[in-house]
Amino acid sequence: NIYEGKGPVENYIWNLWFNHKTIMHLDDAYPSLFSYLLAGVFYLFKESIFVSKLVSFIFSILTIILIYFIGKSLYNKKVGLLSMFFLSINPTHIIYSISTMREIVFSFFIFIFILSFYKAIKTKEIRYFFFSGVLVGISILINYIAFVILFLSILYLIIIWIYKKQKYLSGFLIFLIVALLIILPLGISTYKYFKTPYYSILNYYKYTDNWHSSQFSDERPTLKSFIDLGLDKIIYYKAYYLGRIFLWLPIILLPLVFIFFILGILFYDDFYRFTIFLFLGYILFYILSINDLLLWSNRYFLFIFAPIIIISSNAIIKMVTIIKNKINKKLINPFFTILIIFSFIFSIFLLINDVRDIDKGGYKEIQNSLSFMSSWVINNTNDNDVILTNLPLDVNYYFNRPTIIDSCYTFLKSNTNLNIKRPKISVEYLINKYDVKYVLVKEDDKAFREKLFDCYNVDLNAVYIEPKQKFYLYKIKI
C-alpha cells in the first residue's frame, strides 16, 4: 500500500480485537518503518516476494560482516572470525535471512545499538549517546520490542550511575530526547487513529491463553480476564515458557555457543555485563508477556544472537589459549576443530528440520493454489469486493482484494466446546458492517463445511473451486 501511494495502511483485518470502521486501516500490530523500507526497494526493483526477501538477505550479510568488525574491535581478529562463522551457520539466522519478515533488519539495528550504548557508558562520549538514541528510535519504528530494550538500557544506565557514581545526566538526556523525537511521528499518527500514542494488538497476548479463539471477539483480553484463568494455569504457562526457553535456547543458539556464553562469566567484562543484563531482562519480559502455548518462536530471540555469539567466541578463544599454555598444545587444536565441525553438522540438521517443519504445513502448495486462482478472481470480481477468509493476508496479496478474517472457520477449528456454535462476533455482523461479497473456504471435509455453513447462517453460491487444495469461493446471496 505504501508502494502504491496509499500510506502505511493494511487492506485486510486479521483479528477483531479493535473495532475498525473500514477494512483499510492503520497497522494495528507493528510500526511501519520496515514497510517503508520495502516500499523504497520496490520503487527501485518493482514489487515481488523475491525483492522483499532480498532485503532480509542483504541485512543478513551486513550483520555477518558487522559481527566480524565488532568482535575484532572489542577483542581480537580471531574472535571476529569465529563470531562471523557461528552467525553465518546459525539455522534461525539463515531461515529469517530468506524471509519477508522484519526480524533480520530489526536485529541489525539492535546489534549496532548494543555496541553504541556500551561505548556510550564506557567512554561517556556524547556522540555515542546520540547515536544510541537514533538507533533505538529506528528500532522502535521497526518493532515495538525495542521499547523493552530502551527500558532495560535506561535501567542499566541508572544502576551503573548509582553503583559507579559516575555522571551520565547530559548523555542520558540526549539519548532519551533523540529516541523520543524519532518515534514522535509514529506516536502522533497512532494517537490520531487509536486514541493512544502506542497501540499493538500483540500487547493483549499476555492476557489470553487462546488468542486463536479470543481474537474473534471485540472484547479484548484484560488483566482481570487473565487473573480469572486461575493461579494454577498462570503458574503453568509461566513455568512452561521458562522451561521452553532454557531447553531450546541452547539448541537454537547451537550448544557450543550457549555453553561458552555461560562460561563467558569467567572472562567477565563490561560488554558481557551489559549483554547478560539485556538477555535476562528480555527473558523475564517474554515470560510475563505471553501465555498461549502456540506463541513460542525462535524469531523473538534472534536480535540478541549476535552479541551472545561474540561473547561466546571470546570465551572459546581464551579457553583454548589457556589450555594450550597449561596442558597440551598438540591435543587442543584437533579437539577444537572437532567441536567446530560438530557445530556445523548440528546446524545443518537443525536447518533441515526447520525446512521440513515449514513444508509440513503445505504453505507453499497453498500459495501456489492462490496464485493459480488469482487471475480468475481479478477478472471476475470488482476491486473493492471484500472476501471473508481464514487466510486474510495471503488472499489479500494474491487476489489484490480487501479481506477480513473468517470468524467462524478458525473459531470452530480451535474451540472444543461443542455447545458453542458461533463466535461472539457473527459472520452476519461482519458481512453487513464491511459489505462482504465473497467467502473463501479451504476445506475438503464435507461434515466440517456443513458445520461451517451453519455458523455462517447466510446463503452462499459456489462460483469457483480450486481442485488441488480444495479452495471453494462462494458468492454471498443478497
Side-chain angles (χ1 to χ4, degrees), residues 30-42 44-45 50-74 79-120 127-128 130-150 152-153 175 178-179 182-183 186 252-254 257 271 274-275 278-279 282 297-313:
Y30 296 105
S32 55
L33 184 59
F34 180 70
S35 299
Y36 275 104
L37 174 63
L38 287 183
V41 176
F42 289 162
L44 296 175
F45 302 104
F50 172 77
V51 169
S52 62
K53 289 183 177 181
L54 189 61
V55 171
S56 293
F57 181 74
I58 290 171
F59 273 90
S60 168
I61 297 299
L62 290 174
T63 307
I64 290 171
I65 294 171
L66 186 65
I67 200 173
Y68 164 73
F69 287 105
I70 291 178
K72 181 183 176 183
S73 171
L74 291 174
V79 171
L81 288 170
L82 191 58
S83 300
M84 197 177 184
F85 169 77
F86 280 131
L87 185 61
S88 63
I89 68 167
N90 184 277
T92 303
H93 184 83
I94 292 171
I95 289 290
Y96 287 100
S97 295
I98 52 174
S99 78
T100 59
M101 302 178 76
R102 68 194 68 227
E103 267 63 31
I104 289 292
V105 177
F106 176 66
S107 299
F108 174 80
F109 283 102
I110 286 292
F111 183 31
I112 305 176
F113 162 75
I114 289 173
L115 176 69
S116 178
F117 197 76
Y118 160 74
K119 290 277 190 181
R127 58 173 177 157
Y128 286 121
F130 176 83
F131 290 142
S132 298
V134 171
L135 290 165
V136 79
I138 291 173
S139 300
I140 289 171
L141 295 180
I142 296 171
N143 193 329
Y144 283 130
I145 286 176
F147 271 124
V148 181
I149 306 303
L150 174 61
L152 290 173
S153 300
F175 166 65
V178 169
I182 288 176
I183 65 176
L186 172 66
I252 62 178
L253 270 168
L254 299 183
V257 171
F271 186 71
F274 182 44
T275 301
L278 291 180
F279 175 68
Y282 178 71
S297 177
N298 299 355
R299 65 190 175 97
Y300 297 129
F301 297 88
L302 183 60
F303 73 90
I304 200 72
F305 278 17
I308 285 177
I309 285 172
I310 288 177
I311 288 169
S312 177
S313 299

Looking at residues at least two apart in the chain, or sitting in another chain, which of them share a ring pair (Phe, Tyr, Trp, His ring centres under 6.0 Å) with [X]?
| X | answer |
| --- | --- |
| Phe113 | Phe117 |
| Tyr128 | none |
| Phe303 | Phe106, Tyr282 |

Are [X] and [Y] side-chain neighbours, meaning at least one heavy-atom pair lies under 4.5 Å?
| X | Y | answer |
| --- | --- | --- |
| Val55 | Leu38 | yes |
| Ser83 | Tyr68 | no |
| Phe86 | Leu253 | no |
| Ser153 | Ile114 | no |
| Phe175 | Val136 | yes |
| Leu54 | Phe45 | no |

Ser312 side-chain N/O to Ile308 backbone N/O, donor-acceptor pair under 3.5 Å: no
Check your understanding: Do the side chain of Ser88 and the main chain of Met84 share a donor and acceptor less than 3.5 angstrom apart?
Key -> yes
List the steps, then state whether side chain to side chain contact (heavy atoms under 4.5 Å, CB included) holds for Leu81 with Ser313. CA-CA 9 Å; Leu81 288 170; Ser313 299; over 6 Å; no
Separation of [Y] [atom2] from [X] [atom1] (nearest 0.5 Å):
| X | Y | atom1 | atom2 | result |
| --- | --- | --- | --- | --- |
| Phe34 | Ile104 | CZ | CD1 | 10.0 Å |
| Leu141 | Ser35 | CG | OG | 11.5 Å |
| Phe109 | Leu33 | CZ | CG | 7.0 Å |
| Phe108 | Ser56 | CZ | OG | 13.0 Å |
| Ile65 | Leu62 | CD1 | CG | 6.0 Å |
| Phe279 | Ile311 | CZ | CD1 | 10.0 Å |

Quick note, salt bridge (charged side-chain N to carboxylate O under 4.0 Å, His left out) partners involving residues 130-146, not counting sequence neighbours, are none
Contacts satisfying salt bridge (charged side-chain N to carboxylate O under 4.0 Å, His left out) that involve residues 79-108 (not counting sequence neighbours) are Glu103-Arg299
So which atom in [X] and which in [Y] form the shortest heavy-atom distance, rounded to 0.1 Å?
| X | Y | result |
| --- | --- | --- |
| Pro31 | Asn143 | CG-N, 3.7 Å |
| Ser116 | Leu135 | CB-CD1, 3.9 Å |
| Ile64 | Ile67 | O-CG2, 3.1 Å |
| Ile182 | Val134 | CD1-CA, 3.3 Å |
| Ile310 | Gly71 | CD1-N, 4.0 Å |
| Asn90 | Ile252 | ND2-O, 2.8 Å |

### Message
Assess the residue pair Tyr96 and Ser60 against the criterion (side chain to side chain contact (heavy atoms under 4.5 Å, CB included)); give the C-alpha distance rounded to whole Å, side-chain angles, the decisive distance to 0.1 Å, and a yes or no.
### Response
CA-CA 9 Å; Tyr96 287 100; Ser60 168; over 6 Å; no
- Query: Is there a side chain to side chain contact (heavy atoms under 4.5 Å, CB included) between Ile142 and Leu37 once you walk through the steps?
  - Reply: CA-CA 10 Å; Ile142 296 171; Leu37 174 63; over 6 Å; no
Applying side chain to side chain donor-acceptor pair (under 3.5 Å) to Ser139 and not counting sequence neighbours gives none
Does Phe42 have more than 12 heavy atoms from other residues, nucleotides or ligands lying within 6.0 Å of its CZ? yes
* Evaluate side chain to side chain contact (heavy atoms under 4.5 Å, CB included) for Ile309 paired with Leu254, printing each intermediate quantity in order. => CA-CA 10 Å; Ile309 285 172; Leu254 299 183; over 6 Å; no
